[in-house]
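Side-chain atoms are counted along with the backbone in the values below, which use heavy atoms only and exclude waters and symmetry mates. Residue numbers run from 1 in the order of the sequence given.
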Amino acid sequence: MTSVSPLQTSPQDTTAMAMLRSGVENFGRRDQQIARYFIDHAEEIPFLSAGEIAEALRVSGAAITRFSQRVGFEGYPHLQRVIRQDLRATLGMKQPGGQDSVVARFWASERSNLETLQDIPEARLLAFARAIAAAKQVWVVGARSSYGISLLAETILASFRPWVRAYSADLLLSRPEQLLDATSEDVVVVFTLRRYSRATTRMIRALHEQSVQVLLITDQGASPLSKIAHQCLQLPTQGTDVLASLAPFVSVITLLASLVAHELDGGHLKQAETLNAEFGVYEY
């Protein structure tokens, strides 16, 4: 049996991943294999069971437990919990740094994000739009800041097609009877941003179990919903030193709405505009 001592770290090197990186060269062959899997899949670990990791590495579940204990944890659940806490601390909202060149850095990151968006294949965007256009109902789900994105998506998409509604994942979780309205002819467009909401994950899995098609629009992390999503768009969110950028989400929503409008030959936009005029919705 491979034997290693619990990892020794300096006060500046305290995260679980940093500990694994610092000690990996001293491990035996199998423990190196397991450690490198943890390092390479750090953002997925909070969502993976010991059995799933063992299956990916073709080792026993007990090997994952023993490895966790050899590096100083009570077992895999303890190591997983520490990694989850580390990610929360790392990926949460940061305190602002110095004020030098904040504006310049912001615009540089926005330009970089928009340039990266152009790499998304047109066929993938068209498939997204066609699924939205063909659905009986479109559920648009997000939590916290992602719920704001969902409301914007609802507003734009509802201009072209009926039965589009935004849901807060947290409110949906408190009223799960609303899931009874879901059918296999529906799609759910779900927005996720690190840190990923537990409520969103739970509700989308419930909709997936009811055969609702899941269209995931997320950041470039390891969303826990990526494994069940029928289609997925990963967007760059490089932002300032305080916040992730939401501009890519707004751009993609607008583009998808334009594609949906083309698929529906304008949808009900003309009728909606007639009603707006009839009811005097706008000043001009």
Task: Leu151 with Leu255, same ILVMFWY side-chain cluster at under 4.5 Å - done: no

Open item on the list: Keeping Gln80 on the side-chain end and Ile45 on the backbone end, is there a donor-acceptor pair under 3.5 Å?
Closed with: yes

- [ ] Assess whether atom CD of Glu122 is packed by more than 12 heavy atoms of other residues, nucleotides or ligands within 6.0 Å.
- [x] no

- [ ] Mark yes or no for whether Ser258, through its side chain, and Thr254, through its backbone, hold a donor-acceptor pair below 3.5 Å.
- [x] yes

Open item on the list: Run the side-chain contact (heavy atoms from CB on, under 4.5 Å) test on Ile64 and Tyr37 for me, step by step, so that the C-alpha distance in whole Å, both residues' side-chain angles and the decisive distance to 0.1 Å come before the verdict.
Closed with: CA-CA 11 Å; Ile64 306 301; Tyr37 185 91; over 6 Å; no

Open item on the list: Using the rule side chain to side chain contact (heavy atoms under 4.5 Å, CB included), only one of Val188, Leu172, Thr192 pairs with Ile204; which is it?
Closed with: Val188

Open item on the list: Looking at Asp265, I'd like to know if its CG atom is crowded, meaning that more than 12 non-hydrogen atoms belonging to other residues, nucleotides or ligands lie closer than 6.0 Å.
Closed with: no

Open item on the list: Donor-acceptor pair, distance only, cut-off 3.5 Å: does the side chain of Gln69 make one with the backbone of Glu74?
Closed with: yes

TODO: Return yes when atom CD of Gln210 has more than 12 non-hydrogen atoms of other residues, nucleotides or ligands closer than 6.0 Å, and no otherwise.
DONE: yes

- [ ] Please confirm whether the backbone N or O of Ala222 pairs with a side-chain atom of Arg194, one donor and one acceptor, at under 3.5 Å?
- [x] no

Open item on the list: Taking the side chain as everything from C-beta on, heavy atoms only, tell me whether Leu179 gets closer than 4.5 Å to Met203.
Closed with: yes

TODO: Using atom types as modelled and distance alone, determine if a side-chain donor or acceptor of Gln32 lies under 3.5 Å from a backbone N or O of Val24.
DONE: yes

Task: Arg202 and Pro176, any side-chain heavy atoms less than 4.5 Å apart - done: no

TODO: Any chance you could measure Thr274, atom OG1, to His268, atom NE2, to the nearest 0.5 Å?
DONE: 12.0 Å

Open item on the list: When you compare the side chain of Ile120 with that of Phe128, does any pair of heavy atoms fall below 4.5 Å?
Closed with: no

TODO: State, to 0.1 Å, how close Ser168 and Tyr147 come at their nearest heavy-atom pair, and which atoms those are.
DONE: N-CE1, 3.3 Å

Task: hydrophobic_cluster_shared for Val187 and Val252, side chain cutoff 4.5 Å - done: yes

- [ ] Supply the atom-to-atom distance Arg205 CZ to Lys227 NZ, rounded to the nearest 0.5 angstrom.
- [x] 9.0 Å

Open item on the list: According to a hydrophobic-cluster definition based on side-chain heavy atoms being under 4.5 Å apart (Ile, Leu, Val, Met, Phe, Trp, Tyr only), do Leu225 and Val140 belong together?
Closed with: no

Task: Cluster link Leu193 to Val214, ILVMFWY, side chain under 4.5 Å - done: no

- [ ] Starting at OG of Ser184, measure out to CD of Gln213 and round the result to the nearest 0.5 Å.
- [x] 10.5 Å

Task: Shortest non-hydrogen contact between Gln234 and Gly221, atoms and distance - done: NE2-O, 3.1 Å

Open item on the list: Please determine whether residues Leu126 and Leu233 belong to a single hydrophobic cluster, defined as Ile, Leu, Val, Met, Phe, Trp and Tyr linked transitively by side-chain heavy-atom distances below 4.5 Å.
Closed with: yes

Open item on the list: Using side-chain contact (heavy atoms from CB on, under 4.5 Å), reason through Asn113 and Thr237 one step at a time and then give a plain yes or no.
Closed with: CA-CA 7 Å; Asn113 288 334; Thr237 56; 5.8 Å; no

Open item on the list: Angle between ring planes, Phe38 versus Phe67, binned at 30° and 60°: parallel, tilted or perpendicular?
Closed with: tilted

Task: Gap separating the CD1 atom of Ile132 from the CG atom of Leu259, nearest 0.5 angstrom - done: 9.0 Å

Task: Residue pair Leu114 / Ser251: nearest heavy atoms and the distance that separates them - done: CD2-OG, 3.6 Å

TODO: Begin with the C-alpha distance, continue with both residues' side-chain angles, and end with the deciding distance and a verdict on side chain to side chain donor-acceptor pair (under 3.5 Å) for Thr183 and Asp186.
DONE: CA-CA 6 Å; Thr183 76; Asp186 299 346; 3.2 Å; yes

Task: Heavy-atom closest pair, residues Cys232 and Arg124 - done: O-CD, 3.7 Å

- [ ] Measure from the side-chain N and O atoms of Asp86 to the backbone N and O of Thr15, and report whether any donor-acceptor pair falls under 3.5 Å.
- [x] no

Task: Spacing of CG belonging to Asp181 relative to CD belonging to Gln137, to within rounding of 0.5 Å - done: 6.5 Å

- [ ] Check for a donor-acceptor pair, side chain of Arg144 on one end and backbone N or O of Arg195 on the other, with a separation under 3.5 Å.
- [x] no

Task: Minimum heavy-atom distance between Leu173 and Ala199, given as atom pair plus value - done: CD2-CB, 3.9 Å

Task: Salt bridge present between Glu25 and Arg36 (N-O < 4.0 angstrom) - done: yes

Open item on the list: As an exercise, state the distance from OG of Ser49 to OH of Tyr76, rounded to the nearest 0.5 Å.
Closed with: 7.0 Å

TODO: Test Val190 against Leu207 for side-chain contact (heavy atoms from CB on, under 4.5 Å), laying out the working first.
DONE: CA-CA 11 Å; Val190 55; Leu207 286 166; over 6 Å; no

Task: Gln238 side chain to Ser245 backbone, donor-acceptor under 3.5 Å - done: no

Open item on the list: Students often mix this up, so state it plainly: with edges at 30° and 60°, are the rings of Tyr167 and Trp139 parallel, tilted or perpendicular?
Closed with: parallel

Open item on the list: Apply side-chain contact (heavy atoms from CB on, under 4.5 Å) to residues Val59 and Gln33 and explain how you reach the verdict.
Closed with: CA-CA 10 Å; Val59 300; Gln33 179 190 21; 4.2 Å; yes

TODO: Considering non-hydrogen atoms only, spot the tightest contact between Gly142 and Thr200 and give its length.
DONE: C-OG1, 4.2 Å

Open item on the list: Counting only heavy atoms not in His78 (residues, nucleotides, ligands), do more than 12 fall under 6.0 Å from its NE2?
Closed with: yes

